[in-house]
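Before any comments, here is the structure.
Every chain is numbered from 1 and lettered A, B, ... according to where its sequence line falls, protein lines coming before strand lines.
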Amino acid sequence: MTKESNKSVGADLVIPALALGFAVYFFVDIAGLAWEAKANGVLIGAVLVVLIGIQVARLGLQLARGEGSFGFESLLGPREALPARLALVGITLAFIVAVPWLGLTLTLCLAMSAALRAMGLKSWKKNLLISFLVAALAWGLFIALLETDMPHGPVEIVLSKILHTSR
Amino acid sequence: MTWEFLAGQFAQQFGLWWVIWPAILLGIVVGILPGFSPQNTLIMLLPLTLAVPVEQALAFMIALYCANHLAGGIPAILVRIPGSGGAAATTLDGYPMTKKGQAQQALVLCFTASVFGGLITTLATLALLPWLSKMGLYLRSVEMVVVMLFGLTLIAVIAAKDFLKGMIAGFFGLLLGVIGTDHIYNTPRATFGFLELYDGVPIVPALIGLFAISEALVMIEEKMIVTEEGRAKAVSAQWAGIIDGLRLTVKHWWQIVWTAFVGLFIGIVPGAGASIASFVAYQQSRLWSKHPELYGSGIPEGVIAPESANNGVTSGTLVPTLALGVPGGSTAAVMMIVLQYHGLVMGPRLFATNPEVAYGVFVSMAVAYIFMIFTILPLARYMSRIVLIETSYLAPVIVLVTIVAAFVERQYAFDMALALVFGVIGYVAQKTNYHVTAILIGVILGPLFEEYLVRALRLSEGDPSILFSSTLGNVLWALLALSLLLPAWRGWRRSKQTAAEQFGGEA
């Protein structure tokens, strides 16, 4: 563990908070079920809650002793990588939303180009070449070769007509 | 089965090289991508396998299946993205080896452990088939509860550095694994109202999120995934790296053998699979090692154990399929469909009516492994160069391509979003040292553990003493207790020794 993460007590609480939130939801959701349906989950959830309690107490003690701060530095840092990271998550989310309408090939090409730009690639020539290659390979593997049900858009429809493939 | 018959079978299978080689190449390509399980690929290629004669279909399916198992370790080693659940344990030491500039050696160890592990267990299966087929009958739900616990103890092993964080991660994963309908009444539990979660948390999106996406989000902090020293080694990668990998294989030959048998025995149990086998093999390998503290830092044994075990599973899975007519796994089920289409009925009679098919499956597997080693070994040098690509190119490709791969298994757009959610959870876990592998072990083994536990308790009408009712089960319980107590005893002895040395030094 890095020294920095030792100090960011707030960051260390994110996973326990998520786990606790889920455990509470789980307990509420299974309350009315038969014992066979909930025995295992109750057992696991109970142990998880106890472990989280110990962790919170441990981190609280660290804070009380002045050994940590209630910050999120270890989670968000280094600061210079944060914009690229957030952009990558945002672009991925946009990809997931757009792919049912635009189809795999076009959405992937656009998302790849945006992601490369967000990562700091300045050359548009390189950017477009990589984006095109990745999209073409994805089309070749996922649609042409393995015939998965990936969402179809204008590119897939045109290519399917050109290649006379029927789906 | 005579020697002449066996020799004829081998000759016939070698003659099918034109089927086996393309299947190996396709198996490697799809094995590298998380999301393409062998059963998915075989289902997609079903029209092809149904159209050709049964011997060719069988050779194709077997070669693709084995190559797929082997290839899952490649991205696990190079970029910390396991191609399948069975390769998740490979990341623990494979990726640290890459970071140290030993990607080539790690890849060679992955290939040789996979091939020799698969080959040894295939030949053993050929020789011991009548006895092995009975083994599946002895391993029932009671015994499988203990086998699952063997796998789950790996959480404690991983948690060694920060026990509390590791255990929270593991139990969080286990609780996530309970999502979905229960095994008795099919009532949904904690599904957030999503129909797509009724079958439980799908492994592929979880795997992609926890490893691929989270790793991509972390890797952009550095220019490259390898250290400066590692980069220098990777740039100057020569054939000597392959020779060194082979030397390490020979040095650890015994470990390949016994971990392969761990895979074989676990593979025989219907429903158990490569993930459990590789976790158990890694945990046992660490347990019996002379230097358990080095596991996780990038040592050859940490690559060999899971890779050999997950390929040992390949022949084990087919034992109940052929001998009992019960598919040992989903891939075996697809193979069974193809064979039934060709008019072959699985079960004990197959060995009398169609011995060339029954034994031919394992001969085909042995031949596929032989072809595989010559195909893939020379590629290790070139594959290891992937680590020289800058993370600004690598991260977007990893995130977007694996998000697409998350869709493939179940063909739900929901799975892509789920992978992203797991990616964010994995990123937070990585940055705050809650081990993502512990979460994944929980997600994979949790539902299986529950299934066997509930089944056993159902048989006893809720009486937990059933868990201690069988001789084999009790032997496994004793071994489990030994697994847990041995490291503690070793630690106590080591501290006693250290204290004695200090005392001696002071005197």
Over all atoms of both residues, closest heavy-atom pair of A/Ala34 and B/Tyr185: CB-CE1, 3.4 Å
Minimum heavy-atom distance between A/Asn40 and B/Gly446, given as atom pair plus value: ND2-O, 4.4 Å
Residue, of B/Leu420, B/Val424, B/Leu175, that accumulates the most heavy atom pairs under 4.5 Å with chain A: B/Leu175
Between A/Gly120, A/Pro100, A/Gly41, A/Ala114, the one whose heavy-atom pairs under 4.5 Å with chain B are most numerous: A/Gly41
Stepwise side chain to side chain contact (heavy atoms under 4.5 Å, CB included) test for B/Gln411 and A/Met150: CA-CA 7 Å; B/Gln411 322 238 330; A/Met150 289 302 307; over 6 Å; no
Pairwise side-chain contact, B/Phe172 with A/Pro16, heavy-atom cut-off 4.5 Å (strictly under): no
Minimum heavy-atom distance between B/Phe407 and A/Pro151, given as atom pair plus value: CZ-CD, 4.2 Å
A/Ser74 to B/Thr432 - nearest heavy-atom pair and separation: OG-CG2, 4.4 Å
Interchain contact, B/Leu217 with chain A, by part (heavy-atom threshold 4.5 Å): both
Side chain / backbone / both / neither for A/Leu20 at chain B, heavy atoms under 4.5 Å: neither
B/Asp199 atom CG, neighbour heavy-atom count above 12 within 6.0 Å: no
Side chain proximity check, A/Lys126 to B/Tyr393, heavy atoms < 4.5 angstrom: yes
Best-contacting candidate, A/Val28, A/Leu88, A/Leu82, against chain B by heavy atom pairs under 4.5 angstrom: A/Leu88
Contacting region of B/Val397 [heavy-atom separation from chain A under 4.5 Å]: both
ring-ring contact (aromatic ring centres under 6.0 Å, His included) against A/Tyr25, all qualifying residues, sequence neighbours excluded: B/Phe192
Proximity breakdown for A/Leu75 and chain B, heavy-atom pairs closer than 4.5 Å: both
Contacting region of B/Thr181 [heavy-atom separation from chain A under 4.5 Å]: neither
Residue part contacting chain A, namely of B/Ile213, when any heavy atom lies under 4.5 Å: neither
Any B/Met416 side-chain heavy atom under 4.5 Å of A/Val99 side chain: yes
Residue, of B/Val454, B/Thr391, B/Ile220, B/Leu174, that accumulates the most heavy atom pairs under 4.5 Å with chain A: B/Ile220
Check ion pair B/Asp182-A/Lys38 (N to O, under 4.0 angstrom): no
Close side-chain approach of B/Thr191 and A/Asp29, heavy atoms under 4.5 Å: no
Heavy-atom proximity to chain B below 4.5 Å, by part of A/Ala37: both
Interchain contact, A/Leu33 with chain B, by part (heavy-atom threshold 4.5 Å): side chain
Part of B/Glu450 lying under 4.5 Å from any heavy atom of chain A: both
Contact origin within A/Ala23 toward chain B - heavy atom pairs under 4.5 Å: both
Option that, when pairs with chain B are counted at under 4.5 Å, heavy atom only, ranks first among A/Ile44, A/Leu76, A/Ile30: A/Ile44
Electrostatic pair A/Arg58:B/Asp162 at N-O distance under 4.0 angstrom: yes
Pairwise side-chain contact, B/Val399 with A/Phe95, heavy-atom cut-off 4.5 Å (strictly under): no
Proximal component of B/Leu26, with respect to chain A [non-hydrogen, under 4.5 Å]: side chain
Residue pair A/Phe72, B/Val428: steps toward the side chain to side chain contact (heavy atoms under 4.5 Å, CB included) verdict: CA-CA 11 Å; A/Phe72 292 86; B/Val428 176; over 6 Å; no
Side chain to side chain, B/Glu390 and A/Met119, heavy atoms closer than 4.5 Å: no
A/Phe27 atom CZ, neighbour heavy-atom count above 12 within 6.0 Å: yes
Engaged part of A/Leu104 at the chain B interface, taking heavy atoms whose separation is under 4.5 Å: side chain
Gap between atom CD1 of A/Ile91 and atom CD1 of B/Ile403 - 0.5 Å precision: 12.5 Å
Minimum heavy-atom distance between B/Pro396 and A/Leu116, given as atom pair plus value: CG-CD2, 4.0 Å
Result of checking B/Val408, B/Val29, B/Val401 against A/Leu141 for side-chain contact (heavy atoms from CB on, under 4.5 Å): B/Val29
Validation row: B/Leu400, A/Val134 side chains within 4.5 angstrom (heavy atoms): no
Reported CD1-to-NZ distance for the pair A/Ile15 and B/Lys431, which is rounded to 0.5 angstrom: 13.5 Å
Side chain to side chain contact (heavy atoms under 4.5 Å, CB included) between A/Trp35 and B/Leu457, intermediate numbers included: CA-CA 11 Å; A/Trp35 74 266; B/Leu457 290 176; 4.1 Å; yes
Beyond-backbone contact of A/Asp12 with B/Lys165, side-chain heavy atoms, under 4.5 angstrom: yes
